[in-house]
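Here the structure is laid out as structure tokens; the discussion comes afterwards.
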Amino acid sequence: MATPLSSIVDVYFTDTKRRSFTNSCKQKPLTKFFIHCTSSQAPSTPTPDNKKKNNNNIGSNKNKKKNTSLSDQLAPLASKTLSSATPFAISNPKSTWVNPTKAKRIVVSPERQKRVLYSPTPHLKDLKLFVHKLNDSDSSSESEFLASLEEIPRPLTRENALLILNSLKPWQKTHLFLNWIRTQNSLPMETIFYNVTMKSLRFGKQFSLIEDLAHQMIDDGVELDNITYSTIISCAKKCNLFDKAVHWFERMYKTGLMPDEVTYSAILDVYARLGKVEEVISLYERGRASGWKPDPITFSVLGKMFGEAGDYDGIRYVFQEMESVRVQPNLGVYNTLLEAMGKAGKPGFARSLFEEMIESGIAPNEKTLTAVIKIYGKARWSRDALELWRRMKENGWPMDFILYNTLLNMCADVGLVEEAEALFRDMKQSEHCKPDSWSYTAMLNIYGSQGDVDRAMKLFEEMCKLGVELNVMGFTCLIQCLGRAMEFDGLVRVFDISVERGIKPDDRLCGCLLSVLSMSQGSKDEEKVIGCLQRANPKLVSFIQLVEDEKNSFETVKEEFKGIMTNAAVDVRRPFCNCLIDICRNKDLLERAHELLYLGTSYGLYPSLHNKTDKEWCLDVRSLSVGAALTALEEWMWTLTKIVKREEKLPELFLAQTGTGAHKFAQGLNISFASHLRKLAAPFRQSEEKVGCFIATREDLVSWVLSNSTAAAAT
DNA sequence: CTAGGGTTAG
């Protein structure tokens with residue numbers, strides 16, 4: 001019980017806000033990219049990167065929402081282990097606490113655990129052959145396996161036992177063999193036997209068996225070392241048993257064993273996956289204070305964590321740390337950081353980082369290219385994507401089928417139909433990259449968003465013939481395609497097939513049906529679509545009926561709306577609300593449409609609808625459906641009218657943004673919006689320099705309101 | 001997988 005865990009937890013938190021990014025700039029940077037990151041200017045990149053507000057508080061972005069407070073985060077650790085002497089480490093997490101009287105405790109061993117070298121095994125062909133025979137034998141019979149162990153051609157020495165443990169598979173046999181050695185009682189049980197067995201069990205994701213073995217070690221007095229703990233922790237991780245991983249890490253400290261760099265980075269990853277960013281940073285810094293030199297794997301762990309959190313400043317922190325520790329990123333680190341840049345919404349920085357990696361002489365692999373192509377696709381940077389693709393072919397960079405599929409998805413994102421078709425043909429002709437369900441789905445997505453029913457259906461038939469499984473997303477694309485083409489009979493047939501095949505409709509499919517429903521309204525096919533939706537999500541249908549009945553009060557609608565949205569996946573909530581508004585407008589239920597928009601806004605489904613500065617107010621309807629956009633416009637005009645009449649302060653300029661219709665769902669929004677403006681006789685003019693933007697001056701607006709009210713008074 | 005940690009698609 002030498003080192004209590006409090007040495008880890010009574011971490012003094014340095015104030016992350018005050019962390020200096022400038023110190024290491026004095027040195028010659030190891031990566032040029034670091035300069036880009038620390039300078040305030042973005043590298044030669046269009047704007048999307050700069051749009052998000054920069055938050056200088058590392059680890060603060062998304063995690064604040066997930067984790068309640070720091071003390072809550074630390075509670076599981078603190079309640080067990082925190083010494084009462086340091087309560088303020090928790091009560092005031094932002095304080096920079098340096099206790100001069102207390103020497104910093106070492107929390108990570110400066111040296112990696114030495115491996116016990118076991119003597120090189122002489123050629124033991126017979127023994128290896130014996131193991132192969134064991135591996136090939138029917139694994140169902142335990143007794144047969146144990147019986148055949150009696151025929152080992154060599155004495156059961158330590159080395160022979162290790163050779164067998166290392167080469168036996170699957171894990172059931174390794175496990176049986178370890179127990180067999182133990183019952184033979186001829187060999188002292190060593191840690192390494194358990195470690196090798198645990199590794200095999202980890203391969204089979206057998207965490208509870210690993211835990212049993214660990215307890216057996218404890219009972220039998222066999223020492224657990226860093227390799228044992230890191231194997232237990234990584235297996236717990238593989239099985240998503242993060243609390244177990246933390247438990248064994250704590251136990252290691254309690255028994256006085258210091259983690260080495262491998263165990264330490266493994267546990268950092270555990271906290272990272274739990275989204276406990278503050279803890280990871282403090283563990284990291286505590287380790288640094290112990291004299292630990294983090295290696296590329298640690299930086300991968302940190303980079304991935306910040307990427308998951310969408311925390312760009314955290315990613316900068318990783319660069320700064322690599323810089324100050326003088327660790328050059330390797331391919332793995334580049335890959336992780338590229339992906340993190342994508343997740344943090346920084347395509348421009350990702351591009352610079354990728355180019356820097358190439359310049360530094362590191363050749364990209366499939367994962368690198370997958371990450372970058374995906375980023376370009378999501379950013380809709382078709383030029384960059386095509387250029388990279390050209391370089392991939394020119395340099396003969398490695399391709400695998402994941403990369404092929406990512407390229408196909410990129411084509412769908414940026415609308416490259418012919419290129420996708422060429423790729424798809426390549427895949428069919430290739431040896432190792434035959435199109436799979438994902439590839440077909442990507443193609444269906446492309447044809448679906450083009451509204452090319454013939455090609456989509458041809459592909460569907462091909463899949464049926466070849467026996468390629470179509471998943472829920474494939475069906476969604478197909479249904480969307482048929483809906484847009486108003487081919488409702490075909491749509492019902494496809495939906496029936498999906499039900500027959502046991503496809504469970506998800507929220508995206510329901511959203512798709514909902515939008516199809518809004519298109520089918522007023523036609524004889526409306527009932528058919530409702531029939532599909534009824535089978536996919538009866539609650540949605542009841543809600544539509546409730547909304548359509550004008551007798552139902554706003555309060556009733558509000559309650560049910562809340563229920564529907566709470567049950568829906570986060571990323572379909574806005575589309576759901578958009579479609580519901582469309583459905584109301586199609587039935588001339590204008591008041592209800594406004595209520596739904598109000599509810600959607602109050603539940604945060606339209607966070608950037610209104611943007612105000614002193615000089616201009618902007619209505620951004622780019623993520624709204626046509627009906628929702630028109631409703632928002634009406635609402636805005638009413639509000640502005642009220643403000644004018646009350647003679648309150650107004651800005652000089654008013655903007656309404658519809659976008660250009662580049663996005664596949666936004667097509668037609670611009671046109672419908674313009675015609676609705678005409679109908680309202682609202683004083684907005686289509687901007688000449690900015691496409692998809694409508695402008696009005698304060699003067700225009702005021703005179704419009706006044707003339708409207710005179711007109712109203714006259715009638 | 002010759003005892004342990006990180007990096008691949010809607």
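Throughout, a chain's letter reflects where its sequence line sits, starting with A, and its residues are numbered from 1.
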Could you tell me the separation between the CE atom of A:Met217 and the C1' atom of B:dA3, rounded to a whole number of Å?
-> 11 Å
Residue A:Ile402, side-chain heavy atoms: nucleotide from B:dT7, B:dT8, B:dG5 that is nearest | B:dT8
Please set out all donor-acceptor pairs under 3.5 angstrom arising from side-chain atoms of residues 235-242 of chain A, sequence neighbours excluded.
unit_1   : atom_1 : unit_2   : atom_2 : d
A:Lys237 : NZ     : A:Ala266 : O      : 3.3
A:Lys237 : NZ     : A:Asp269 : OD2    : 3.0
A:Lys238 : NZ     : A:Arg202 : O      : 3.3

Nearest of B:dG5, B:dA9, B:dC1 to any side-chain atom of A:Asp436?
-> B:dA9
B:dG4 base to A:Asp260 side chain: any donor-acceptor pair below 3.5 Å?
-> yes
Starting at atom CG of A:Asn471, determine the distance to atom P of B:dA9, rounded to an integer number of angstrom.
-> 15 Å
Base B:dT2 paired with A:Asn166 side chain (donor-acceptor, <3.5 Å) | no
Distance check: side-chain N/O of A:Arg202 vs OP1/OP2 of B:dG5, anything under 4.0 Å?
-> yes
Nucleotide nearest A:Thr263 when distance is taken to its side chain, options B:dG4, B:dT8, B:dG5 | B:dG4
Could you check which of B:dT7, B:dG10, B:dC1 has an atom nearest any side-chain atom of A:Lys374?
-> B:dG10
Nearest-Å distance once atom P is located in both B:dC1 and B:dG6 | 14 Å
Face-to-face contact A:Trp438 to B:dA9 six-ring, under 5.5 Å, under 30° = yes
Heavy atoms from other residues, nucleotides or ligands near CD of A:Glu462 exceed 12 (cutoff 6.0 Å) | yes
Consider the side chain of A:Val262, meaning its heavy atoms from C-beta on, and name the nucleotide among B:dT8, B:dC1, B:dG5 that approaches it most closely.
-> B:dG5
Taken to the nearest whole Å, CE/A:Met198 to C1'/B:dG4 is 12 Å
Mind calculating the distance between CD1 (A:Ile446) and C1' (B:dG10) to the nearest angstrom?
-> 12 Å
Establish, with yes or no, whether the OP1 or OP2 oxygen of B:dG6 is under 4.0 angstrom from a side-chain nitrogen or oxygen of A:Lys237.
-> yes
Using whole Å, report how far NZ of A:Lys169 lies from P of B:dC1.
-> 10 Å
Which listed nucleotide (B:dG6, B:dG5, B:dG10) is nearest to the side chain of A:Asn330?
-> B:dG6
Do the side chain of A:Thr231 and the base of B:dG4 come within less than 3.5 angstrom through a donor-acceptor pair of N or O atoms?
-> no
Test for a donor-acceptor pair under 3.5 Å between the base of B:dG5 and the side chain of A:Asp295, counting only N and O atoms.
-> yes
Could you check A:Arg182 against A:Asp220 for salt bridge (charged side-chain N to carboxylate O under 4.0 Å, His left out), going step by step and ending with a plain yes or no?
-> CA-CA 11 Å; A:Arg182 191 161 163 260; A:Asp220 293 356; 3.0 Å; yes
Is A:Lys367 salt-bridged to A:Glu339, cutoff N-O under 4.0 Å?
-> no
Is it true that the NZ or CZ of A:Lys346 lies under 6.0 Å from the centre of A:Tyr312's six-membered ring and within 45 degrees of the ring axis?
-> yes
Which nucleotide sits closest to the side chain of A:Ile297: B:dG6, B:dT7, B:dG4?
-> B:dG6
Is any side-chain nitrogen or oxygen of A:Lys199 closer than 4.0 Å to OP1 or OP2 of B:dA3?
-> no
Look at the side chain of A:Thr441 and decide which nucleotide, out of B:dG4, B:dT7, B:dG10, has an atom nearest to it.
-> B:dG10
Hey, can you pull the donor-acceptor pairs under 3.5 Å for the side chains in residues 503-511 of chain A, sequence neighbours left out?
unit_1   : atom_1 : unit_2   : atom_2 : d
A:Asp506 : OD1    : A:Arg508 : N      : 3.3
A:Asp506 : OD1    : A:Leu509 : N      : 2.9
A:Asp507 : OD2    : A:Ala569 : N      : 2.8
A:Arg508 : NH2    : A:Asp571 : OD2    : 3.0

In whole angstroms, the gap separating P of B:dG10 from CG of A:Leu407 amounts to 12 Å
Check the distance between B:dT8's C1' and A:Met399's CE and give it to me in whole angstrom.
-> 14 Å
Phosphate contact (B:dG6 OP1 or OP2) by A:Lys367 side-chain N/O below 4.0 Å = no
Under 4.0 Å between a Lys/Arg side-chain N and an Asp/Glu carboxylate O for A:Arg273 and A:Glu308?
-> no
Remember a base hit wins even if backbone is also touched, and classify A:Asn405 as base, sugar-phosphate or nothing at under 4.0 Å, heavy atoms.
-> base
For A:Ser265, answer base if it contacts any base atom (sugar-phosphate contacts may also be present), sugar-phosphate if it contacts only those atoms, and nothing otherwise; contact means non-hydrogen atoms under 4.0 Å.
-> base
